[in-house]
A.B. asks: 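The structure's right below; bear with me while I get my questions together.
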Amino acid sequence: AAGADVLTVKDLQAWYGESHILHGINFNVKAGEVVTLLGRNGAGKTTTLKSVMGVIGKRAGSIRFDNQEIIRATSDKIARLGIAFCPEERGIFASLDVRENLLLPPVVRPGGLPLDQIFTLFPNLKERLTSQGTKLSGGEQQMLAIARILRTGARFLMLDEPTEGLAPVIIQQIGHTIARLKSQGFTILLVEQNFRFASTVADRYYIVEHGKVIDGFANSELSANMDKLHTYLGV
Ligand code: ATP
């Protein structure tokens, strides 16, 4: 069962230079939930995650995390509050091996998972410990990217299209991992194009269209909302 709001985003606006990208993003995430942002390419989902992480230069509106306003906080302050972002491009250091990639990010809070717990979640990574980043498969890179943010001590995880370009069997493993993290008390904000996958892990959804959140519903209300998904996502 979900608890109080951990993240409350109200009328979020964001700009890249002169380009006004987000025009009014409203949503909330409760403790222990998996919430998914759905929407077409270019709708503003990634920009929303980056805004929460504080890596978009110009933003307005309100982002409250753990009852603190963070709309003007720096990204390192936001990281120290326990928010982590796993980008779509994964950001694995190609010249470092798996162990080095895991040990590189700073531990910003107590509660970061020790390596043995990381390997319980991702047994493949243990076998690949001395493999260089470039030698990893797409699935292994994605697992490593998630594992790395678990080391930092963050409890609020933002995952940007973790299934992109991966084989169905790997996508299923990522689904199991997300379910396991949820059962361990992590809160997860997911961006997905793969609606089928999202529906296996999400408690709730929001639809992003042209820089706005235009709708939101729970997984239990899914069948009543299939028409909308058709319209907005072509699902
Ligand atoms: P995608 O799945 O393609 O990433 P998205 O919903 O995550 O889609 P965003 O990446 O947030 O969409 O992009 C929203 C809009 O912002 C798009 O029109 C995109 O072209 C624009 N945009 C993204 N990054 C930049 C940038 N660095 N500079 C200028 N415009 C950008």
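In listed order, ligands and their atoms are each counted from 1.
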A.B. asks: Would one find more than 12 heavy atoms of other residues, nucleotides or ligands at under 6.0 Å from atom NE2 of H210?
C.D. replies: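 Not buried by this count: 12 neighbours or fewer within 6.0 Å.
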
A.B. asks: May I ask you to check whether Y206 and N28 show a side-chain donor-acceptor distance below 3.5 Å?
C.D. replies: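 Their side chains do contain a donor-acceptor pair, which is all the 3.5 Å distance test asks for.
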
A.B. asks: To which residues is F93 joined in a hydrophobic cluster, defined by side-chain heavy-atom contacts under 4.5 Å among Ile, Leu, Val, Met, Phe, Trp and Tyr, whether direct or through other members?
C.D. replies: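 Same cluster as F93: L96, L104.
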
A.B. asks: With Y205, which residues qualify under ring pair (Phe, Tyr, Trp, His ring centres under 6.0 Å), at least two apart?
C.D. replies: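 Y205: ring pair (Phe, Tyr, Trp, His ring centres under 6.0 Å) contacts with F195, F217.
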
A.B. asks: Could you name the protein residues that come within less than 4.0 Å of ligand 1, counting only heavy atoms, and order them by chain and residue number?
C.D. replies: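 Within 4.0 Å of ligand 1, protein side: Y16, I21, R40, N41, G42, A43, G44, K45, T46, T47, E88, E161, Q193.
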
A.B. asks: Judged by modelled atom types alone, do D203 and N219 share a side-chain donor-acceptor pair under 3.5 Å?
C.D. replies: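 Side chains of D203 and N219: no pair found under 3.5 Å.
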
A.B. asks: Mind checking what makes side chain to side chain contact (heavy atoms under 4.5 Å, CB included) contact with P114, not counting sequence neighbours?
C.D. replies: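 D116, Q117.
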
